[in-house]
There are 2 protein chains.
Amino acid sequence: MNELELIDSFLAPFELTREGCRFPASSGVLVGPGDDCAQLVPSRGKRLIATTDAALDGVHFELGRSRPEDAGWKALAMNLSDLAAAGATPRWFLCSIGIPTVGMQTISPKTIARSFAEGMAPLAKQSGCALVGGNVTRALQWSLTITALGEAKKPLSRAGAKPGDRLILVGELGAAALGLQRLQAMSSRELVAFYKHSRSPRKAAPGKGERDPVWAQLRPEPQLEAGQLAAAFASAAIDVSDGLLQDLGHLCRRSACSARLACASLPRSLAVREAEAQGAKRGDHPYTLSLAGGEEYALLLAVPPRRVAKLLARLKTAKIAAHTVGELTPRSTKAPIALWHRDRAIPLPARLGHDHLAR
Amino acid sequence: MNELELIDSFLAPFELTREGCRFPASSGVLVGPGDDCAQLVPSRGKRLIATTDAALDGVHFELGRSRPEDAGWKALAMNLSDLAAAGATPRWFLCSIGIPTVGMQTISPKTIARSFAEGMAPLAKQSGCALVGGNVTRALQWSLTITALGEAKKPLSRAGAKPGDRLILVGELGAAALGLQRLQAMSSRELVAFYKHSRSPRKAAPGKGERDPVWAQLRPEPQLEAGQLAAAFASAAIDVSDGLLQDLGHLCRRSACSARLACASLPRSLAVREAEAQGAKRGDHPYTLSLAGGEEYALLLAVPPRRVAKLLARLKTAKIAAHTVGELTPRSTKAPIALWHRDRAIPLPARLGHDHLAR
């Protein structure tokens with residue numbers, strides 16, 4: 001196996017080759033993978049939106065427990081979720097791959113690289129984001145480091161929210177964290193059965209009301225449409241990747257606000273509610289998963305009160321689930337985030353979210 | 001040490017913070033590090049040029065043998081060299097950092113991250129390339145994965161060269177590979193002495209005619225000015241990162257040409273010429289370092305004959321060393337690259353360049 005074979009193998013699911021690829025004019029790609037640089041045509045009058053995020057084996061996915069297709073999907077989804085938070089339209093991405101070349105490998109690196117791409121390519125296609133470049137290098141662990149580029153006329157950022165703005169959450173909370181717990185608890189036999197019998201990863205199995213939380217962990221859905229819709233209404237936005245409290249904290253700091261969250265309004269699936277209720281019996285915070293779970297790639301929007309109804313109506317028309325979960329308040333250094341459960345204040349959980357350097 | 005402290009430490013040498021940075025209007029940065037996405041203003045009428053390259057500990061640098069400052073410089077230089085090959089003006093970059101959190105660490109990760117940035121920041125400043133985003137994650141080894149974005153009106157690519165076009169090489173060959181050999185052969189004591197006594201990494205020590213080849217390995221200089229000058233003259237270009245023969249091979253394939261190289265014209269320092277002569281005595285190919293060395297980040301240009309004199313004059317005015325080293329020939333599948341030593345053909349070396357998955 002050499003470098004060029006591996007690259008060909010990765011490019012195949014994108015219907016690309018190293019030897020000069022033709023892209024449709026609408027893609028804005030003049031030169032794509034296989035050259036030193038991609039050459040792209042930015043849209044006139046729009047801002048270029050850029051983000052980068054890495055997914056590593058043993059950190060963001062585990063090849064022993066999830067398929068490379070799922071890891072590929074997730075690596076791109078993480079980046080697209082950041083574009084969603086900016087209200088941007090995805091255009092292009094570059095993918096740098098770290099490839100372990102030593103150790104016992106029952107499956108060839110070429111096959112794994114192809115499988116990564118097989119998970120990534122459908123998401124790239126459906127979000128209109130073209131693979132335009134990349135890099136391969138040997139490494140101690142598998143990794144996918146993606147830089148995604150999008151465009152927006154009036155992008156959102158974490159800054160710009162004001163006290164009184166409502167907090168609207170698109171998507172749901174806690175399922176990805178619960179899914180991770182379940183995935184990690186599965187035996188090898190259960191894993192095999194799960195991948196064999198679990199239906200289409202994007203929808204709930206027939207006859208069951210909810211998508212299995214394991215799929216929320218493996219195949220997060222970036223809220224791109226919601227972000228683009230919200231760009232005209234929201235004052236600030238962030239994607240919930242590291243836990244609601246932590247990400248809300250970032251938004252508050254950059255917007256110089258505090259916030260109050262109404263815990264009972266947090267959108268949680270039945271599975272998450274049950275798991276949180278069981279946890280509470282053991283003495284856990286009753287909203288641990290939904291407040292500090294992480295990896296849900298939900299979208300948290302700050303919206304001035306006068307625009308809330310219109311935005312919610314637009315989201316409803318687009319069949320996108322959204323919930324008002326709290327509001328921004330004047331900055332308070334004592335209590336940057338206040339939690340309310342119905343009519344009483346409750347304490348914050350001990351852990352607010354995910355630290356990317358913690359184990 | 002937590003994630004945010006480490007990010008602050010990395011941002012400091014760039015004179016940036018997580019909490020909203022002000023960039024000058026000329027930078028085109030509306031939102032920089034510390035948000036989900038960077039927001040950038042592309043120049044009207046220009047193409048966006050994008051490239052990504054990773055530098056890993058144990059692969060592209062060795063923290064036991066080189067300082068993190070050098071690794072930081074090199075990681076950015078590798079990317080800027082790709083922009084140089086496109087004739088692009090650097091604008092922005094994003095940097096994803098992999099951070100080992102286990103194992104014996106005599107220096108704190110925060111300090112190492114800061115040192116990476118201390119090497120990277122001066123190169124970023126002098127090339128007008130602003131850090132606008134990034135990512136940190138724990139990993140098994142230190143890594144810096146950079147995506148660099150530039151702009152060009154009429155960018156160069158590997159395609160477009162025609163038979164008869166002259167091959168012009170900007171920079172010199174073999175020194176980085178020789179430097180790597182020397183670096184790897186140094187004892188701990190020699191390493192300490194080298195870093196203590198070796199003068200300013202960018203210039204030759206006073207009284208010596210040449211820059212120490214170890215600095216060519218540690219601190220490669222991307223040929224940005226030459227690339228921008230060449231964009232109006234050249235038909236195709238590539239940067240020599242993986243060995244001249246291999247990179248020339250890429251240019252030939254994409255331009256559907258073959259090539260002949262005049263080995264005696266290859267620009268080599270005295271140290272490289274001596275090392276190659278010694279190698280030849282042991283039976284090595286007499287141009288091993290300069291033909292297949294790699295990591296020199298020289299620039300290889302294909303230039304139509306009628307424009308050669310003018311380009312060389314322009315480069316000379318800019319005090320940039322450039323040499324005509326061969327020419328493109330009609331495509332031949334039998335001998336894609338022919339080597340000439342004065343008036344006779346000589347065989348290719350056994351190894352044409354660097355495979356990023358080989359050890």
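If you're wondering where the values come from, they're calculated on a predicted model, not measured in any experiment. For the numbers below, each heavy atom of this structure counts, side chains included, while hydrogens, waters and symmetry mates do not.
Between the CZ atom in A:Arg158 and the CZ atom in B:Arg18 there is a gap of 9.5 Å [rounded to 0.5 Å]. A:Gln39 CD to B:Leu156 CG: the interatomic distance, rounded to the nearest 0.5 Å, is 8.0 Å. Atom CD1 of A:Ile238 and atom CG of B:Asp35 lie 7.0 Å apart (nearest 0.5 Å). Here the CG-CG distance, from A:Leu48 to B:Leu40, works out to 5.0 Å after rounding to the nearest 0.5 Å. For the atom pair OG of B:Ser96 and CG of A:Asp53, the computed distance is 7.5 Å after rounding to the nearest 0.5 Å. A distance of 6.5 Å separates CG in A:Asp242 from CD in B:Glu3, rounded to the nearest 0.5 Å.
Under the side-chain hydrogen bond (donor to acceptor under 3.5 Å, both in side chains) rule, A:Thr147 has a single partner from B:Thr147, B:Thr145, B:Thr51, B:Asn135, which is B:Thr147.
Proximity to chain B (any heavy atom under 4.5 Å) is restricted, for A:Ala237, to the backbone atoms N, CA, C and O. With a 4.5 Å cut-off on non-hydrogen atoms, A:Leu56 touches chain B through its side chain but not through its backbone. Looking at A:Arg44, the atoms closer than 4.5 Å to chain B (heavy atoms on both sides) all sit in the side chain, from C-beta outward. Both the backbone and the side chain of B:Ala50 come within contact range of chain A, judged by heavy atoms closer than 4.5 Å. Residue A:Thr52 touches chain B through both its backbone and its side chain, counting heavy-atom pairs closer than 4.5 Å. If you measure heavy-atom distances from A:Ala54 to chain B, the contacts under 4.5 Å come from both the backbone and the side chain.
Between chain A and the residues B:Ala86, B:Ser43, B:Gly150, B:Pro42, the most heavy-atom pairs under 4.5 angstrom are made by B:Pro42. Between chain B and the options A:Leu30, A:Leu4, A:Val31, the largest number of non-hydrogen pairs under 4.5 Å is found for A:Leu30. Counting heavy-atom pairs closer than 4.5 Å to chain B, the top-ranked of the candidates A:Val41, A:Asp247, A:Asp239 is A:Asp239. With chain B as the partner, the residue from A:Ala85, A:Ser157, A:Ala88 showing the most heavy-atom pairs under 4.5 Å is A:Ser157. Contact count against chain A (heavy-atom pairs under 4.5 Å) is highest for B:Gly134 among B:Gly134, B:Gly98, B:Gly28, B:Gly133.
Of all non-hydrogen atoms in B:Val59 and A:Arg138, the two that sit nearest each other are CG2-O, 3.5 Å.
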